[in-house]
Amino acid sequence: MFEHIIDILLDNFDISYCIAVNIATYLIIKCIDDINGKKIVPRYCKRIILLLVIIVMAIIYHIVGINTKVIIDSAILAPVSWSWIFKPLCNRLNIDYKKVEDVSE
């Protein structure tokens, strides 16, 4: 039964899409943060960047031939996986873009 649940999850989500969206979003926000200097990147700007990255990655994945339902499910999972998995991991490893800025000052 547990294996069946895992198979269903893997069939409905593309983990590489989630990781790619999170890494691309992180890198873009990091670059903007570096350019901004001491000014904080506004939350709405981060959300817009995330949305744009999700759209661009979805177009790329659709062109490659990934199922649209999987792309939509993964687009929903990407910010959730960032909040629950990747951001706490980055904070733990002190590689969050805010931490890097604090160390360099």
Side-chain angles (χ1 to χ4, degrees):
M1 172 106 169
F2 187 68
E3 291 175 13
H4 180 67
I5 293 171
I6 297 218
D7 288 339
I8 290 172
L9 286 175
L10 291 177
D11 288 342
N12 289 318
F13 296 104
D14 189 333
I15 303 303
S16 63
Y17 175 88
C18 295
I19 293 171
V21 165
N22 286 318
I23 290 173
T25 303
Y26 174 86
L27 291 175
I28 292 169
I29 292 172
K30 173 73 174 114
C31 288
I32 291 172
D33 191 48
D34 288 344
I35 292 169
N36 261 358
K38 292 188 178 199
K39 285 197 253 179
I40 297 173
V41 179
R43 182 174 288 167
Y44 74 89
C45 185
K46 294 176 190 177
R47 301 295 189 258
I48 291 170
I49 292 167
L50 173 66
L51 184 61
L52 292 174
V53 170
I54 285 173
I55 291 169
V56 169
M57 294 298 289
I59 291 169
I60 293 169
Y61 270 62
H62 184 70
I63 290 171
V64 170
I66 304 296
N67 183 352
T68 304
K69 182 184 181 307
V70 172
I71 295 171
I72 292 170
D73 291 345
S74 300
I76 293 168
L77 180 64
V80 173
S81 66
W82 172 256
S83 297
W84 289 5
I85 299 169
F86 299 116
K87 184 151 179 69
L89 184 62
C90 287
N91 287 338
R92 184 88 138 157
L93 298 173
N94 287 329
I95 57 172
D96 189 23
Y97 58 88
K98 291 180 184 176
K99 299 285 186 201
V100 172
E101 180 181 319
D102 290 344
V103 170
S104 65
E105 291 183 349

Which atom names give the shortest non-hydrogen contact between Val53 and Val21, and what distance separates them? CG1-O, 3.8 Å
Is Val56 reachable from Ile59 through a run of I, L, V, M, F, W or Y residues, each pair having side-chain heavy atoms under 4.5 Å apart? no
Could you measure the distance from the NE2 atom of His62 to the CD1 atom of Ile55? Nearest 0.5 Å is fine. 14.0 Å
Is there a donor-acceptor contact under 3.5 Å linking the side chains of Tyr61 and Thr68? no
Examine distances only and state if a side-chain atom of Asn22 and a backbone atom of Cys18 form a donor-acceptor pair shorter than 3.5 Å. yes
The side-chain contact (heavy atoms from CB on, under 4.5 Å) partners of Asp73 (sequence neighbours excluded) come to Asn12, Phe13, Lys69
Met57 CE to Thr25 OG1 distance, which is reported to the nearest 0.5 Å: 9.0 Å
Exercise: identify the closest heavy-atom pair between Ser16 and Asp14: OG-OD1, 2.5 Å
Flag yes if Leu51 and Ile29 sit in one hydrophobic cluster, no otherwise; membership is Ile, Leu, Val, Met, Phe, Trp, Tyr, and two members link when side-chain heavy atoms are under 4.5 Å apart. no
Output all residues satisfying side-chain contact (heavy atoms from CB on, under 4.5 Å) with Ala75, sequence neighbours left out; order by chain, then residue number. Tyr17, Ile54
Does a side-chain heavy-atom distance below 4.5 Å link Ile49 with Ile32? yes
Would you say the side chain of Val41 lies within less than 4.5 Å of the side chain of Asn36, judging by non-hydrogen atoms? yes
Find the distance between CD1 (Ile48) and CZ (Arg43) and round it off to the nearest 0.5 Å. 13.5 Å
Find the distance between CD1 (Ile28) and CG (Leu52) and round it off to the nearest 0.5 Å. 8.0 Å
So OG of Ser74 and CD1 of Ile66: to nearest 0.5 Å the spacing works out to 9.0 Å
At what distance, to the nearest 0.5 angstrom, does CG of Asn67 lie from CD1 of Ile72? 9.0 Å
